[in-house]
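A short write-up of the structure that comes next.
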Amino acid sequence: MDFARAEANRPKVTVTEVGTRDGFQAEPVFIPTAIKAEVIDALIGAGVRHVEATSFVSPRAVPQLADAHEVLALLQRRAEAHVAALVPNARGAERALGAGVEEMVCFVSASETHNGKNLNATIAQSLANVGEVAQVAAGRPVALRGAVACAFGCPFEGDVAVGAVLRIAEAYAALGIDRLTLGDTTGMATPPIVTRVLQALGERLPRMRVALHFHNTRGAGLANVLVGLDLGVREFESSIGGLGGCPFAPGATGNVCTEDLVYLLEESGFDTGVDLDALIRVAQRVEAIVGRALPGQVMKAGPRLRRYDPAAARRATG
Ligand code: ZN
């Protein structure tokens with residue numbers, strides 16, 4: 001086998017880093033703006049080319065991300081990456097455009113109860129807000145992505161009907177949005193559920209570009225990624241070190257971990273463009289920033305072929 005050629009032909013997978021948004025937003029202590037920018041620059045330096053950097057939600061709702069505009073203005077390596085931000089409404093969209101994001105991410109929950117808790121609105125009202133965002137974006141040099149929260153289950157309602165996910169995806173499509181993120185907000189996805197949702201979506205909206213956003217709350221994150229890969233998904237969202245989940249909310253845990261995801265993808269023959277060693281160094285830096293151990297595993301064990309000096313290893317004594 002021509003290994004060099006096999007290397008060149010590896011299918012590409014997009015890894016979108018969401019740690020400085022989905023992860024940092026849950027941190028109780030304000031992370032200085034310059035440090036947020038430093039982490040994003042380091043991720044881009046490691047080869048990450050898609051970053052959901054921050055969120056233009058109300059600074060009162062999420063004080064940790066009140067510096068969204070300033071973070072983006074501080075980035076040194078921004079031209080090397082596609083920078084996205086979450087926007088809840090037309091006002092957020094104007095702010096995001098003012099900061100020059102390449103992609104705005106709108107979000108609606110597939111669960112009416114969760115949408116009410118998360119956005120203080122009905123699904124219909126939230127979709128109307130997305131329509132306003134689409135109007136703001138029209139004719140501007142920015143892409144729109146529609147995210148569906150609780151796409152694989154809701155902590156209040158339990159199972160979420162596939163039809164509820166399809167209805168939101170169709171509403172996005174009707175607004176001209178062709179990038180979709182299926183969010184597993186509280187880690188309720190399982191391989192059979194992921195299969196069901198992706199197959200139904202593929203039949204109904206075959207041209208929609210789908211990204212998967214899993215949380216590893218129940219340890220099934222990477223198993224669900226493999227199911228998505230088998231069904232043709234080539235975009236996954238993850239957070240550095242597995243950051244995320246509020247330390248004061250028992251049971252809330254972070255996204256699929258970026259280094260663990262990159263490791264799995266690269267070892268499975270996919271090309272992420274990311275330098276795993278550099279990524280591990282960013283994860284260790286983020287661990288120091290938040291001041292507690294992060295759940296990432298590859299950041300602790302190292303790459304698969306990490307070699308140890310036998311002379312330095314402890315000898316068993318039994
Ligand atoms: Zn999330």
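Both counts, for ligands and for their atoms, begin at 1 and track the order of listing. For this chain, numbers begin at 1 and follow the sequence in order.
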Output yes when [X] and [Y] qualify as a salt bridge under the 4.0 Å nitrogen-oxygen rule, no when they do not.
X      : Y      : result
Arg304 : Glu266 : no
Glu259 : Lys300 : no
Lys36  : Glu70  : no

Using the benzene-type ring in the case of Trp, are the ring centres of Phe236 and Phe214 under 6.0 Å apart?
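No.
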query: Please walk me through it: do Leu226 and Leu264 pass side chain to side chain contact (heavy atoms under 4.5 Å, CB included)?
result: CA-CA 9 Å; Leu226 287 177; Leu264 182 76; 3.9 Å; yes
Decide whether Thr16 and His50 meet the rule of one side-chain donor and one side-chain acceptor closer than 3.5 Å.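 His50 and Thr16 do not have a side-chain donor-acceptor pair below 3.5 Å.
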Counting only protein N, O or S atoms (no waters) closer than 2.8 Å to the Zn ion (ligand 1) gives 3
